[in-house]
Asker: 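Quick one: this structure, given as structure tokens, is what I'll be asking you about.
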Number of protein chains: 2
Amino acid sequence: MIDEQVRERVLNAADRLYYGRGIQSVGMDELRRASGVSLKGLYGVFPSKAAIVLEVLDRRHAMWNTGVTERVARAETPRAKLLAIYDYLSDWFSDDTFRGCGFINAFAELGSISPEVAERARDHKSGFQSYVARLVADAGAHQDLAPQLSILAEGAQTTAAIAGTPEAAVHARRAAEILIDAAMIAGAASASESPLAEA
Amino acid sequence: MIDEQVRERVLNAADRLYYGRGIQSVGMDELRRASGVSLKGLYGVFPSKAAIVLEVLDRRHAMWNTGVTERVARAETPRAKLLAIYDYLSDWFSDDTFRGCGFINAFAELGSISPEVAERARDHKSGFQSYVARLVADAGAHQDLAPQLSILAEGAQTTAAIAGTPEAAVHARRAAEILIDAAMIAGAASASESPLAEA
DNA sequence: TTGCTTTGAGAACGTTCGTTCTCTATAGTG
DNA sequence: CACTATAGAGAACGAACGTTCTCAAAGCAA
């Protein structure tokens, strides 16, 4: 079997198992069974379980990015683009394999004993926050809106994960609408005020 | 040593270690060292590590409840009581032992393999949501506000934990102010409308 | 003192983990 | 056909885990 195929199979199985049951709860033997790749083949392509974990996180990061940006791209107005984030979350929460944000989970499990995992989680979250900040800037809203919307998305994920129900996404969306409207007014006000103040 | 003292020592050490480094990462031998209670004494008072974990979670739940209700009680207006939640979070995030919500962490680590841990996390979160809903009702605001404020608090916790900085609390607070103001108007409107509709 | 009970330190047990090694079967090459 | 290289299955290894056991020390009653 080609190395690329092996990598794909292993990472797919690892993502499913680690996300579904936790990283420390899934041993290499189970990963072997689930991926159909022998232990030897497995260690021929990855140097260690830790390396697999990091690659799984990197793939998840890329998946999340493409998923959310595609959904946002389908919306037309800047306001709709911001709200599209919560529609994406809503769909995700309704998937019956949903078990919260993989990065929050990995951070909770390993963040304090694996600097690499902690770094992946930080990068993932700060990347999302920057993305939201860009959308907020495009909408011409006050920049305070960006962390507020990020926090709402974050909270919706853990709330939905622990409750086991998807309705947190619609609550977050409704809150986002209110915050966006408030920040559009504030953003428009400060955008028209500050040039005048300088003039 | 009296059993009650042993319990106290063990649970204090266990809470600190499990919260700081994760549950699965802390073995019974380390708990023995940190608590100063021998393995025999430890197993004389607790039947298993799993039982210690559950008691730690129960204590943390009680601590959180008293902490937040005390802080809320010190605020005077219904609106200030709602915002006091985020002041409490702000102080907590600034504590340098802060490492996110212990229930989210425990859920991420063990939720899918320990139904008892999952149940504790669910109960903890739904208890908080009910509490917020009561405060919202006292404020006469629209009930949609309750899940919105809960989600903000939730998101602030994970955001602060992963970023390692406390400013998520003030962002959440500012968002909460906006949502509260919007829901007070809506709540007042529906409170004055629905009796009229029925009359 | 003597004898009995309790205690703590840590060895021991059985299991599981991540990782490596062995052995066998197979496939490809001459 | 023989020979070699490869790859899979699973045993083996050393470490760590949760839990129990051993044994010696210490306290206490008589």
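For clarity, every value in this text was computed on a predicted model and none was experimentally measured. Only heavy atoms go into these numbers, but all of them, side chains included; no hydrogens, no water, no symmetry mates. Labels below follow one simple rule: chain letters A, B, ... track the order of the sequence lines, proteins then strands, and each chain is numbered from 1.
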Asker: Between dG18(C) atom P and Q24(B) atom CD, what is the distance in whole Å?
Answerer: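 So the CD-P distance, Q24(B) to dG18(C), works out to 11 Å.
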Asker: Can you pull out every ring-ring contact (aromatic ring centres under 6.0 Å, His included) where at least one residue sits in residues 151-174 of chain B? Sequence neighbours excluded, please.
Answerer: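 Listed by first then second residue: nothing to list.
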Asker: Could you work out, with side chain to side chain donor-acceptor pair (under 3.5 Å) as the rule, every residue matching Q143(A), not counting sequence neighbours?
Answerer: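 None.
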Asker: Using atom CZ of R32(B) as one end and atom P of dT19(D) as the other, report the distance to the nearest whole Å.
Answerer: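 In whole Å, dT19(D) P and R32(B) CZ are 15 Å from each other.
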Asker: Has T66(B) got a side-chain atom pairing as donor or acceptor with M63(B)'s backbone, closer than 3.5 angstrom?
Answerer: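 Confirmed, T66(B) side chain pairs with M63(B) backbone.
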Asker: dA16(D) P sits how many Å from I23(B) CD1, rounded?
Answerer: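 Rounding to the nearest Å, CD1 of I23(B) and P of dA16(D) are 21 Å apart.
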Asker: Taking only residues two or more places apart in sequence or in another chain, which ones pass side chain to side chain donor-acceptor pair (under 3.5 Å) with E55(B)?
Answerer: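 Partners of E55(B) under the side chain to side chain donor-acceptor pair (under 3.5 Å) test: R7(B).
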Asker: What is the separation between atom CG on L17(B) and atom P on dG18(D), rounded to the nearest whole Å?
Answerer: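 Answer to the nearest Å: 12 Å.
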Asker: Scan for salt bridge (charged side-chain N to carboxylate O under 4.0 Å, His left out) pairs involving residues 76-89 of chain A, sequence neighbours excluded, and state none if there are none.
Answerer: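 For residues 76-89 of chain A: R79(A)-E177(A), R79(A)-D181(A), D87(A)-R173(A).
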Asker: What pairs meet the ring-ring contact (aromatic ring centres under 6.0 Å, His included) rule with one or both residues in residues 96-130 of chain A, with sequence neighbours excluded?
Answerer: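 The answer is H61(A)-H124(A), W64(A)-H124(A), W64(A)-F128(A), W92(A)-F98(A), F93(A)-F98(A), F103(A)-H124(A).
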Asker: Could you check whether any side-chain heavy atom of L179(A) comes within less than 4.5 Å of a side-chain heavy atom of L152(A), counting everything from C-beta outward?
Answerer: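 SC-SC contact between L179(A) and L152(A) confirmed.
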Asker: Just how far, in rounded Å, is P of dG8(D) from CD of Q5(A)?
Answerer: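 Spelled out: CD on Q5(A) to P on dG8(D) is 12 Å.
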Asker: Test: salt bridge (charged side-chain N to carboxylate O under 4.0 Å, His left out). Region: residues 145-154 of chain A. Which pairs qualify, not counting sequence neighbours?
Answerer: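 Residue pairs passing salt bridge (charged side-chain N to carboxylate O under 4.0 Å, His left out), neighbours aside: K125(A)-E154(A).
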Asker: Give me each pair satisfying salt bridge (charged side-chain N to carboxylate O under 4.0 Å, His left out) with a member in residues 132-148 of chain B, each pair once, sequence neighbours excluded.
Answerer: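 Qualifying pairs: R174(A)-D144(B).
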Asker: Note every stem involving DNA chain C: at least three consecutive Watson-Crick or G-U wobble pairs, i with j then i+1 with j-1, with both distances under 3.5 Å.
Answerer: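 Runs of three or more consecutive pairs: C:1-30 with D:1-30.
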Asker: Of all the nucleotides listed (dG8(D), dT19(C), dA9(C)), which has the minimum atom distance to the side chain of S38(B)?
Answerer: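 It is dA9(C).
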Asker: With sequence neighbours left out, write down each residue that passes side chain to side chain donor-acceptor pair (under 3.5 Å) with S48(B), or none if nothing qualifies.
Answerer: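 Scan of S48(B) (side chain to side chain donor-acceptor pair (under 3.5 Å), adjacent residues dropped) gives none.
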Asker: Go through residues 106-117 of chain A and report each residue with a non-hydrogen atom lying under 4.0 Å from DNA chain C, sorted by number.
Answerer: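 Hits under 4.0 Å, by residue number: none.
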Asker: Could you note down all residue pairs passing salt bridge (charged side-chain N to carboxylate O under 4.0 Å, His left out) where residues 90-117 of chain B supplies at least one of them, sequence neighbours left out?
Answerer: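 Those involving residues 90-117 of chain B are R71(B)-D91(B).
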Asker: Could you tell me how far apart D29(B) (CG) and dA11(C) (P) are, to the nearest whole angstrom?
Answerer: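 One finds 10 Å between P of dA11(C) and CG of D29(B), rounded.
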Asker: Picking from dC23(C), dT19(C), dG8(C), which would you name as closest to the side chain of K40(A)?
Answerer: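 Nearest to the side chain of K40(A) among the choices is dC23(C).
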Asker: Can you check the M28(A) CE to dA11(D) P distance for me, whole Å?
Answerer: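 Taking CE of M28(A) and P of dA11(D), I get 18 Å after rounding.
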Asker: Report the distance from atom CG of L39(B) to atom P of dC23(D), rounded to the nearest whole Å.
Answerer: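 Whole-Å distance recorded here is 18 Å.
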Asker: Within residues 41-56 of chain A, which residues have any heavy atom lying less than 4.0 Å from an atom of DNA chain D?
Answerer: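 Heavy-atom cutoff 4.0 Å gives no residues at all.
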